[in-house]
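Structure first, commentary second.
We number each residue from 1, following the sequence as shown.
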Amino acid sequence: MISNAIVWDPSLGIDLGFFTLRYYSMMYVIAFALGWYIIKKMFAHENISEEKLDPLFLYTVIATLLGARLGHVFFYQSELIFEDPLSILLPARFNPEFEFTGFQGLASHGAAIGIIIAMYLYSKKILKKPMLFILDRIVLPVAIGGVFIRIGNFINSEIIGKPTFSDYGVIFAQLGENFPRHPAQLYEAGCYVIVFIILSYLYWSTNSKEKLGFIFGAFLVMLWSVRFMVEFVKEAQVDQRAEWALNTGQWLSLPFIAIGILLIFRAQKQFSKN
């Protein structure tokens, strides 16, 4: 019955003796490094000083990690606020006993909110341009970064898909299972590649970057529509919400999609007036 399913049982990192280099952490490093390279090319293309690049990288890294962690706590694990508040920002669990866990529990919706806030501050203090200007550009590295984050989730056998009830799928051996599930992480990663390609085309090959907010709006619609659809084959991240008609990730995606649609129409309307 499951002869065609892929058994997934990788090591989670490279043992260096004194330290284990986690593949998931490496995915974040690759995502940030690739994002820095893409933004550097865009800044050079638009004759923006490289001096403004390093602060952007710092703002983005802090906003992504802090926003993702706080988003996870608020949206999925709010009990930590009262039961183990130190574990929210520190890479360890303190209740019921101390355990070094690394940074776990990161929510993409929280990261999105964190990045938007950070880009507002960056645009005011450093770039001296409208916030939508930098948001129209930062979404390209964010989209391709999402690919590597989801690959990291797949490596860790986390954010798993629902059972396929067939011989198709992936058996996540680290979960102690012997039945195939949808590789939802890879579905999402593959779709994010497509989103990145479309956004790159809009930026490099059309006049979309002259329509303030258009590319950012397109990003919100495409990326969160992908997230909304893939959630149908994902297991609920909060067991108590498993019976909801739409899960937490889908409810959180809908406002982003709506804002994206509004931004696209607004950008198109304002560009037509000029």
Side-chain angles (χ1 to χ4, degrees), residues 28 31-32 34-36 38-39 42-43 46 48 52-76 88-89 103 105-150 188 191-192 195-196 198-200 202-203 208-228 231 248-268 270:
Y28 264 90
F32 284 127
L34 187 56
W36 181 86
I38 292 171
I39 283 291
M42 298 169 80
F43 273 28
E46 300 188 56
I48 300 174
K52 298 181 179 181
L53 186 60
D54 288 342
L56 175 61
F57 181 79
L58 184 61
Y59 273 67
T60 304
V61 171
I62 293 175
T64 300
L65 297 178
L66 185 59
R69 181 58 183 153
L70 292 177
H72 173 82
V73 171
F74 290 139
F75 299 143
Y76 298 104
I88 294 176
L89 297 179
F103 288 105
L106 302 173
S108 55
H109 293 91
I113 295 170
I115 289 173
I116 291 172
I117 294 172
M119 292 308 100
Y120 170 78
L121 297 173
Y122 173 78
S123 65
K124 294 292 184 183
K125 295 184 177 182
I126 308 294
L127 193 60
K128 308 300 182 183
K129 289 181 180 290
M131 179 177 69
L132 287 174
F133 177 90
I134 189 60
L135 286 174
D136 280 337
R137 285 143 183 84
I138 198 70
V139 292
L140 271 75
V142 169
I144 197 64
V147 175
F148 292 96
I149 302 308
R150 285 297 177 247
E188 209 166 334
C191 289
Y192 289 167
V195 171
F196 172 75
I198 294 174
L199 293 175
S200 296
L202 290 175
Y203 178 83
S208 295
K209 60 178 171 289
E210 299 172 16
K211 305 174 183 178
L212 196 63
F214 185 92
I215 295 178
F216 179 54
F219 164 83
L220 291 178
V221 172
M222 290 189 293
L223 186 130
W224 297 111
S225 292
V226 167
R227 177 67 185 271
F228 184 90
E231 288 292 326
T248 306
Q250 289 173 314
W251 283 114
L252 292 172
S253 296
L254 290 175
F256 286 104
I257 296 171
I259 292 170
I261 293 172
L262 291 174
L263 284 172
I264 290 173
F265 280 108
R266 175 181 176 274
Q268 193 66 45
Q270 289 187 347

Q: Of all the heavy-atom pairs spanning Lys211 and Ala267, show the shortest one and how long it is.
A: O-CB, 4.0 Å
Q) If you round to the nearest 0.5 Å, how far is CD1 of Ile48 from CG of Leu127? A) 5.5 Å
Q) Is any side-chain heavy atom of Ile116 closer than 4.5 Å to a side-chain heavy atom of Phe216? A) yes
Q | CA sep, side-chain torsions, deciding dist, call: Ile259, Trp224, side chain to side chain contact (heavy atoms under 4.5 Å, CB included) | A | CA-CA 11 Å; Ile259 292 170; Trp224 297 111; over 6 Å; no
Q) Just how far is it from atom CZ of Phe219 to atom CG of Leu263, taken to the nearest 0.5 Å? A) 12.0 Å
Q: State, to 0.1 Å, how close Ser208 and Ile215 come at their nearest heavy-atom pair, and which atoms those are.
A: CB-CG1, 3.9 Å
Q. What residue among Ile126, Thr64, Ile134, Asp54 forms side chain to side chain contact (heavy atoms under 4.5 Å, CB included) with Tyr59?
A. Ile126
Q.
I'd like to know if the side chain of Arg227 reaches the main chain of Leu223, judged simply by a donor and an acceptor atom lying under 3.5 Å from each other, with no hydrogens or angles considered.
A. no
Q.
Pair Tyr28, Val61 - check side chain to side chain contact (heavy atoms under 4.5 Å, CB included), show working.
A. CA-CA 10 Å; Tyr28 264 90; Val61 171; over 6 Å; no
Q: Could you please spell out the steps behind the side chain to side chain contact (heavy atoms under 4.5 Å, CB included) verdict for Leu140 and Tyr203?
A: CA-CA 9 Å; Leu140 271 75; Tyr203 178 83; 4.3 Å; yes
Q: Might you point out which heavy atoms bring Gly114 and Ala63 nearest each other, and give the distance in Å?
A: O-CB, 3.3 Å
Q. Does the side chain of Leu132 come within less than 4.5 Å of Leu135's, by heavy atoms?
A. yes
Q: Might you point out which heavy atoms bring Leu212 and Arg266 nearest each other, and give the distance in Å?
A: O-NH1, 4.2 Å
**Q.** Check: Tyr192 side chain, Phe148 main-chain N or O, donor-acceptor pair, under 3.5 Å
**A.** no
Q. Can you find a heavy atom in the side chain of Leu56 that is under 4.5 Å from one in the side chain of Ile138?
A. yes
Q: Could you tell me whether Lys209 and Glu46 make a salt bridge, using a distance below 4.0 angstrom between a side-chain N and a carboxylate O?
A: no
(Q) Please find the pair of heavy atoms, one from Ile38 and one from Pro141, that lie closest to each other, and give the distance. (A) CG2-CD, 4.2 Å
Q. Atom NZ in Lys128, atom OH in Tyr122: separation rounded to 0.5 Å?
A. 11.0 Å
Q.
On a heavy-atom basis, which atom in Val226 and which in Cys191 lie closest, and how many Å separate them?
A. CG1-CB, 3.4 Å
Q. Nearest 0.5 Å, what's the CG-CD1 distance between Leu66 and Ile115?
A. 11.5 Å
Q. About how many Å separate CE of Met119 and NZ of Lys129, when rounded to the nearest 0.5 Å?
A. 15.5 Å
(Q) Test side chain to side chain contact (heavy atoms under 4.5 Å, CB included) on Thr248 and His109; report intermediate values, then the result. (A) CA-CA 10 Å; Thr248 306; His109 293 91; over 6 Å; no
Q) From Leu34 CG over to Ile39 CD1, what is the distance, rounded to the nearest 0.5 angstrom? A) 11.0 Å
